[in-house]
Amino acid sequence: MNGEKKSKRIFTTKRITLMAVFTALAYVVSLIDFPIFPATPFLKLDFGNTFILLIGFLLGPIEGVIVCVLKELIRIPTGSTGGVGELANMFVTSAYILLPSILYRYKKGLKYVIPALLGGCLLGTFVSLITNRFINFPLYMGAGAEAVFKDTFLFILAFNLIKTLAISVLTLLLYKRLSNFIKGLKL
């Protein structure tokens with residue numbers, strides 16, 4: 001019974017609508033991407049995950065993961081990876097947003113949020129190394145995956161640190177304004 005009450009609170013019409021809006025925003029913004037390292041043009045920076053982290057802060061970690069999964073499912077038909085990159089992005093983004101959005105439920109304020117975001121950046125970057133090494137590269141490169149991963153390891157590390165830090169900063173800049181608006185909706 002308690003689980004049923006909680007799921008009813010998570011899946012109210014207003015909350016589902018807000019998750020749908022943030023899914024759409026995350027998807028559209030993710031289409032505006034660009035490589036930051038010429039040596040690894042497949043690593044493209046976009047700011048779509050800002051909306052996933054924002055919904056994690058606004059509504060909770062479960063909602064953040066749901067928005068992440070929905071965004072990546074929508075990307076599959078328009079992507080060039082046949083779902084492999086999208087699957088990896090689900091893992092990486094979920095790892096990145098979970099720590100800060102879970103901790104934010106219990107401790108608010110910059111003195112708690114900033115360390116949680118930094119922890120999320122490190123966790124997301126670590127998961128990106130694992131997913132690239134054991135999911136993306138083997139499925140795309142077969143036998144040569146290990147050698148290519150060794151050659152691009154530092155680029156993958158730097159890229160994911162830059163991406164998660166940039167998304168964290170953007171989220172911090174947007175959150176308070178958005179939070180006040182959302183509170184007015186009485187979710």
Side-chain angles (χ1 to χ4, degrees), residues 10-11 15-102 117 120-142 145 148-149 152 155-171 173-175 178 182:
I10 289 174
F11 297 113
R15 291 171 72 89
I16 291 170
T17 302
L18 194 60
M19 289 190 302
V21 168
F22 274 68
T23 300
L25 288 169
Y27 170 72
V28 169
V29 172
S30 75
L31 296 175
I32 305 165
D33 60 9
F34 53 93
I36 56 175
F37 299 122
T40 54
F42 58 90
L43 296 173
K44 295 181 180 177
L45 178 62
D46 73 76
F47 294 97
N49 288 349
T50 302
F51 296 97
I52 296 170
L53 184 56
L54 281 168
I55 206 73
F57 281 155
L58 292 167
L59 299 182
I62 294 169
E63 293 86 340
V65 171
I66 290 170
V67 168
C68 171
V69 169
L70 291 173
K71 180 203 100 173
E72 295 302 335
L73 288 173
I74 294 169
R75 279 192 63 101
I76 291 172
T78 61
S80 60
T81 66
V84 175
E86 290 77 14
L87 178 64
N89 283 339
M90 282 184 218
F91 293 142
V92 173
T93 303
S94 294
Y96 163 61
I97 68 147
L98 278 175
L99 178 65
S101 60
I102 289 170
L117 285 169
C121 291
L122 294 174
L123 188 58
T125 299
F126 174 73
V127 171
S128 76
L129 293 170
I130 292 171
T131 57
N132 277 292
R133 172 61 184 96
F134 296 106
I135 296 175
N136 287 352
F137 283 35
L139 290 173
Y140 285 112
M141 290 148 207
V148 175
F149 181 77
T152 59
F155 289 107
I156 295 167
L157 179 68
F159 170 80
N160 282 284
L161 285 172
I162 291 167
K163 180 177 180 173
T164 56
L165 286 169
I167 289 167
S168 295
V169 169
L170 187 56
T171 300
L173 293 173
L174 294 173
Y175 178 74
L178 192 58
I182 300 297

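Side-chain atoms are counted along with the backbone in the values below, which use heavy atoms only and exclude waters and symmetry mates.
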| message | Quick check: closest heavy atoms across Val92 and Gly124, and the distance to 0.1 Å? | response | CG1-O, 3.5 Å
| field | Thr40 vs Ile156 side-chain heavy atoms within contact, under 4.5 Å | value | no
| task | Working to the nearest 0.5 Å, report the span between OG1 of Thr171 and CG of Leu54. | result | 4.5 Å
| said: So, taking the atom named CD1 in Ile66 and the one named CZ in Phe11, what distance separates them when rounded to the nearest 0.5 Å? | reply: 4.0 Å
| note | Value for CD (Glu86) from OG1 (Thr78), rounded to nearest 0.5 Å, stands at 7.0 Å
| task | Would you name the heavy atoms of Val67 and Met19 that are closest together and state the gap between them? | result | CG2-O, 3.7 Å
| request: Could you label the plane-to-plane angle of the Phe57 and Tyr175 rings as parallel, tilted or perpendicular, counting under 30° as parallel and over 60° as perpendicular? | output: perpendicular
| Heavy-atom closest pair, residues Ser80 and Tyr140 | O-OH, 4.4 Å
| message | Ignoring hydrogens, what is the shortest heavy-atom contact between Leu123 and Ala95? Give both atom names and the distance. | response | CD2-O, 3.4 Å
| message | Are the side chains of Phe22 and Leu59 in contact, using a 4.5 Å heavy-atom criterion? | response | no
| task | State, with a plain yes or no, whether a side-chain heavy atom of Leu122 is found less than 4.5 Å away from one of Leu161. | result | yes
| Less than 4.5 Å apart, any side-chain heavy atom of Thr164 and any of Leu117? | no
| message | Taking the side chain as everything from C-beta on, heavy atoms only, tell me whether Val65 gets closer than 4.5 Å to Leu98. | response | yes
| said: What I want to check is whether the side chains of Asp46 and Ser30 have a donor and an acceptor closer together than 3.5 Å. | reply: no
| request: Would you give the length of the straight line joining atom CG of Leu174 to atom CG of Leu178, rounded to the nearest 0.5 angstrom? | output: 7.5 Å
| task | Could you grab the distance from atom OG1 of Thr81 to atom CG of Leu139, nearest 0.5 Å is fine? | result | 10.0 Å
| Any side-chain heavy atom of Leu170 within less than 4.5 Å of one from Phe47? | yes
| request: Applying side chain to side chain contact (heavy atoms under 4.5 Å, CB included), run through Asn136 and Val84 and close with a yes or a no. | output: CA-CA 6 Å; Asn136 287 352; Val84 175; 3.4 Å; yes
| message | Side chains of Ile36 and Ile162, heavy atoms from C-beta outward: is any pair under 4.5 Å? | response | yes
| query | Within a radius of less than 6.0 Å around CZ of Phe91, do more than 12 heavy atoms belonging to other residues, nucleotides or ligands occur? | reply | no
| said: Which heavy atom of Cys68 sits nearest to which heavy atom of Ile52, and what is that distance? | reply: CA-CD1, 3.7 Å
| At what distance, to the nearest 0.5 angstrom, does CE of Met90 lie from CG of Leu73? | 4.5 Å
| Got more than 12 heavy atoms from elsewhere within 6.0 Å of CZ, Phe37? | yes
| field | Where Ser168 and Cys121 come nearest, the two heavy atoms and their spacing | value | OG-SG, 3.5 Å
| task | Taking the side chain as every heavy atom from C-beta outward, state whether Ile167 and Tyr96 have any atom pair closer than 4.5 Å. | result | yes
| query | Among Thr23, Asn89, Asn49, Thr93, which one satisfies side-chain hydrogen bond (donor to acceptor under 3.5 Å, both in side chains) with Lys71? | reply | Asn49
| query | When you look at Lys44 and Phe34, which way does the side chain to side chain contact (heavy atoms under 4.5 Å, CB included) test go after all the steps? | reply | CA-CA 5 Å; Lys44 295 181 180 177; Phe34 53 93; over 6 Å; no
| query | With a 3.5 Å cut-off and no angle check, do the side chains of Asn160 and Thr125 form a donor-acceptor pair? | reply | no
